J.: 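Please find one structure pasted underneath; my questions will follow.
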Amino acid sequence: MDSSATPRGGAPHGAGGAATRPVDVLLEAARRGRPGAFEAIVRAHQDRVYAFCSRMLSDREEALDAAQDVFLSAYRNLAGFRGDAALSTWLLKIAANRCLNAIRKRATRAGKETSFSGMGGGDGDDPSFEPRGRDEDRPDRIVEERELGTILLRALGRIDPESRSLVLLSDVEGLSYEELAEAAGLPLGTVKSKLHRARMALRKMLAPAL
Amino acid sequence: MECDRVRALLSDYLEETLAEGDRAGVASHLDGCARCAAAAEGLAQTLTLLSALPRECAPPELLNRVMKGIAAEAPGKRGWTRFFTPPRVKIPVEAAAAVFLIVLVYGIQKGMPVRSGTPEGGGNPPAAERTIPDASPPLPAAVSSSPAKTAGKGPSTAAGKEKAARPILQRELSRTPMADAAGEVPPARSARAESLDAGPPPAGGKAEFRGAAAPIGRPAPAFSAAPAFTLAPAARVSSAEETIEPKVFAAPPSRLFKPLPYGRDVTLDVTPAERAGIEGKIVAAAERLGGGAHPGAALRPESAQPALAGTVRVHLPAEAADAFLDALRTLGTIPPEGMPAAVDLPAGPSPGITAYTVRIRVR
């Protein structure tokens, strides 16, 4: 039910193993239409997927919808999952795409431009970098927050969605650079540079509180 | 190592993925640069905070919603909708459906359905059909097409005519106009020049061509623009002398500014007593000669108003054109002004096929 229930086969690292891993047995049973098999998969991964969606979208209902879509999409495409990556990596990749789509739709609805051009150049430690947004999102106001976790989540919400996705997948979920590149569909070097810029931007936003 | 370079390598430095030389360079720089050291320390704290973020548990309804969604996608229920859910399937399916609908509508409008009983059996001349107004004035009389003379040239009986006409029809359908013109046509005077001469036919009666001479100052009838490159019918080969009649060739007039030829108009006068069912008799006569009704005629309610005039369009093998006039005379009267002009000019949707528009008048 919780994160500790994640099977070893679904762990981000060390996913390679024999074909008789429990997760493989579950997958094969789910492909054959066993109703309990996919339920077990959902139970094992729902916390991880939901937490990722929640941090990406910063909205409980949207996160719930996104997580539901992730599992339904996985169920429809079970036959296409060949087990090259860990099941959790595959689910998080689906979740990242689903959340990015939701953010784009949200931006379209609101008619806002959500690009963060300040993140695009330099190494993110540019002294001229000033996060744009509401006044209460500025670093000097963030300092007033008591909990670092809350500050960090708010800072995460201030970086562009693609970089946020990379930071969450890498530094929270523990995906490797190669898995990140495969999930994001970007070259390895691009992923590393984007991730580094996002981290440095987060560091700059957190600096008053640290 | 400069500050910018060091800061670009801080992530790799903290993850210990730097090469030994770079790692030593960054370390030595951090020892001497307080600002970069502070940046490295802040980045390390950020990474630590990220990895220590508390994991949020999924609400209980997530599992229920997922399992309900899966139940709703049971194979029986998603059998139809799966064709419309993934874009990679939905887009081609919808595109194919759109193309199918376009072709279907186009085919219906063009009359693509198979026409039974029509000699050509395939191609439809809708453009030509549209150029023939039903209210056109009576056509000028033929310059020299004597019904008596033409009637004597075909087979003597209807059955004989049909037998003779069907093989010819098949042969004519398999030929193209270009093949005819290239293979058998000698250079000769134009059809219009020939027709304007209006002189006596050459000796031996071999030159059979009589062109349609449109009256000067009046618009030419539609069929006068018919291409005149089709040769004299093969039945005119003299079996005794085994010589082929001299052919008359004229370049077809431009179709750019003239209506396409469709067929010959012929007027049939009938009495009110003969009017009922006359359309069917005309079609039956055409069918006996190897032809049939034009599909447009078949669509009309036959004899819905028997007291009124009507129109019947039929297709015939070119060889049966004269015999068809004879058959019409058994059904009614063809007035002099109602005779088709120049029956030996091709007039039909394709070479070897003659089309007649029989206009029925009640007298």
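Note that the structure is predicted; figures quoted are calculated from it, not measured. Reminder, nothing fancy here: chain letters follow the sequence lines and each chain counts from 1.
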J.: Using a heavy-atom cutoff of under 4.5 Å, enumerate the residues of residues 11-20 of chain B that contact chain A, numbered in order, or state 'none'.
T.: Ser11(B), Asp12(B), Glu15(B)
J.: I want to check something: taking the side chain as every heavy atom from C-beta on, are Glu39(A) and Ile70(B) in contact at a cut-off of under 4.5 Å?
T.: no
J.: I need the residue from Thr46(B), Leu50(B), Leu49(B) with the largest number of non-hydrogen atom pairs under 4.5 Å to chain A.
T.: Leu50(B)
J.: At a heavy-atom separation under 4.5 Å, does Ala207(A) approach chain B through its side chain, its backbone, both, or neither?
T.: neither
J.: Determine whether Leu206(A) and Gln45(B) satisfy the following criterion, side chain to side chain contact (heavy atoms under 4.5 Å, CB included), listing intermediate values before the conclusion.
T.: CA-CA 9 Å; Leu206(A) 291 175; Gln45(B) 289 181 338; over 6 Å; no
J.: Heavy-atom cut-off 4.5 Å, strictly under: side chain, backbone, both or neither for Val167(A) against chain B?
T.: side chain
J.: Return the minimal non-hydrogen interatomic distance between Leu64(A) and Pro59(B), and the atom names on each side.
T.: CD1-CG, 3.4 Å
J.: Identify all side-chain donor-acceptor contacts of residues 61-69 of chain B below 3.5 Å with residues at least two apart in sequence or on another chain.
T.:
residue: Glu61(B); atom: OE2; partner: Arg60(A); partner atom: NH2; Å: 3.2
residue: Arg65(B); atom: NE; partner: Gln68(A); partner atom: OE1; Å: 2.9
residue: Arg65(B); atom: NH2; partner: Asp65(A); partner atom: OD1; Å: 2.4
residue: Arg65(B); atom: NH2; partner: Gln68(A); partner atom: OE1; Å: 2.8

J.: Report the distance from atom CG of Leu43(B) to atom CG of Leu202(A), rounding to the nearest 0.5 Å.
T.: 9.5 Å
J.: Asp171(A) side chain to Ser51(B) main-chain N or O, any donor-acceptor pair under 3.5 Å?
T.: no
J.: Less than 4.5 Å to any heavy atom of chain B: does that hold for the side chain of Leu195(A), its backbone, both, or neither?
T.: neither
J.: May I ask you to name which of Val49(A), Asp69(A), Val172(A), Leu156(A) has the most heavy-atom pairs under 4.5 Å with chain B?
T.: Val172(A)
J.: Does Arg199(A) form a side chain to side chain contact (heavy atoms under 4.5 Å, CB included) with Leu47(B)? I'd like the steps, not just the answer.
T.: CA-CA 8 Å; Arg199(A) 286 168 174 170; Leu47(B) 294 176; 3.4 Å; yes
